[in-house]
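Here's the structure we're looking at; comments come further down.
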Protein chains: 2
Amino acid sequence: MVSHRLSSPDHTAATAAKGVEQAFRMLEGRWKLLILFHLFGGQLRRFSDLERALPDISQKMLIQQLRQMEGDGIVRRIVHHQVPPKVEYGLTDWGQALCPALDALLAWAERRPPLAD
Amino acid sequence: MVSHRLSSPDHTAATAAKGVEQAFRMLEGRWKLLILFHLFGGQLRRFSDLERALPDISQKMLIQQLRQMEGDGIVRRIVHHQVPPKVEYGLTDWGQALCPALDALLAWAERRPPLAD
DNA sequence: CGGTATCCAGGCAGATACTG
DNA sequence: CAGTATCTGCCTGGATACCG
């Protein structure tokens, strides 16, 4: 029986959920979305810039989240071999492509009707 | 290159992230997406139907995830006062509206290029 | 049938201190 | 500047047993 109106017809509930869960796992974590929204638009940000932009994050968490997103292919890391060291972070093309999808989710969240129970 | 920005101009990185995080929090949890994809399309499913559809879930987890989504206004619960008891679960209109947003995220996940490191 | 109640373990976030 | 290492506490999910 045809049920969930996904654009792609060849998904079961299980495969669709699995795909979305993959996406979720890459974006979960208290800081990843915040980092992402600071990088949308093609900007490059230094490690210390991001530290300042996210005042409550520890260095451990910042590098951890950046490395995970780099490993997932969302973030790219650009090392300038200088003294003192300089490292910039930006998005890959695929990472940039997240923007409209997150936008859709944001729009949905903001359409929430009052809970009229 | 056209920078990818949000459709709504009055978002900072912080407010946008906050909105999307709200959405994420409502959908996080090992079973919620799976439940959701079983309910997309306007179907009503009994508690025991869902239990059968998600063979590895415990009753505690099933009811917990359903209740949370009900509290968030995504799922609605329909109690039929009968003996034996019968309870059905479906989506609210707003819950249904999640489908295109998740579809976008699913499409993104499936566009992932090979990690050519 | 459709739930509650209770206990438990693992993972992840956070603080803090140290380093090339 | 841009990280690494270690310790700790909490929260979430899971197993199990019981109830209207």
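Per chain, numbering begins at 1; letters A, B, ... match sequence-line order.
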*Going by the side-chain hydrogen bond (donor to acceptor under 3.5 Å, both in side chains) test, name the single residue among B:Gln43, B:Arg45, B:His80 that passes it with B:Glu88.*
B:His80
*Looking only at heavy atoms, which two atoms of A:Pro55 and A:Ala53 are closest? And how far apart?*
CD-O, 3.2 Å
*To the nearest 0.5 angstrom, please state how far the CG atom of B:Leu36 sits from the CE atom of B:Met69.*
5.5 Å
*In whole angstrom, what separates B:Glu70's CD from C:dG2's C1'?*
14 Å
*Below 4.0 angstrom from OP1 or OP2 of C:dC1, is there any side-chain N or O of B:Arg46?*
no
*C:dG11 P sits how many Å from A:Arg25 CZ, rounded?*
15 Å
_Gap between atoms CE and P, on A:Met61 and C:dT16 respectively (whole Å)_ = 15 Å
*Is there a side-chain polar atom (N or O) of B:Arg45 under 4.0 Å from OP1 or OP2 of C:dG2?*
no
*Roughly how many Å is it from CG in B:Leu50 to P in C:dC1, rounded to a whole number?*
14 Å
*Grab the CD1-C1' distance between A:Ile63 and C:dA17 for me, whole Å please.*
18 Å
*Think A:Gln64 has a side-chain N or O under 4.0 angstrom from the OP1 or OP2 of C:dA13?*
yes
*Mind telling me whether A:Phe47 and A:Tyr89 have parallel, tilted or perpendicular rings, with 30° and 60° as the class edges?*
tilted
*Classify the nucleic acid contact of B:Glu51 as base, sugar-phosphate or nothing, counting any heavy atom under 4.0 Å across all strands shown.*
nothing
*Give the rounded distance in Å between these two atoms: CG of B:Leu62 and P of C:dC1.*
14 Å
*Between A:Arg77 and D:dA2, does any side-chain N or O lie under 4.0 Å from OP1 or OP2?*
no
*asked:* What is the distance, to the nearest angstrom, from the NE2 atom on B:His81 to the C1' atom on C:dG3?
replied: 15 Å
*What is the distance, rounded to the nearest whole Å, between atom CD of B:Gln65 and atom C1' of D:dT12?*
10 Å
_I want to verify a distance call: between C:dT4, D:dC1, D:dG3, whose nearest atom is closest to the A:Pro85 side chain?_
D:dC1
*A:Ser58 side-chain N/O to C:dT16 phosphate OP1/OP2 under 4.0 Å*: no
*With side chains defined as the heavy atoms from C-beta onward, is the minimum distance between A:Arg77 and A:Leu66 less than 4.5 Å?*
no
*Would you kindly compare B:Arg52 and A:Gln59 by the position of their nearest DNA chain C nucleotide and give the one closer to the 5′ end?*
B:Arg52
*Could you check B:Lys60 against B:Ser48 and say which one's nearest nucleotide on DNA chain C is further toward the 5' end?*
B:Ser48
*Tell me what B:Lys86 touches on the nucleic acid: a base, only sugar-phosphate, or nothing, going by heavy atoms under 4.0 Å.*
sugar-phosphate
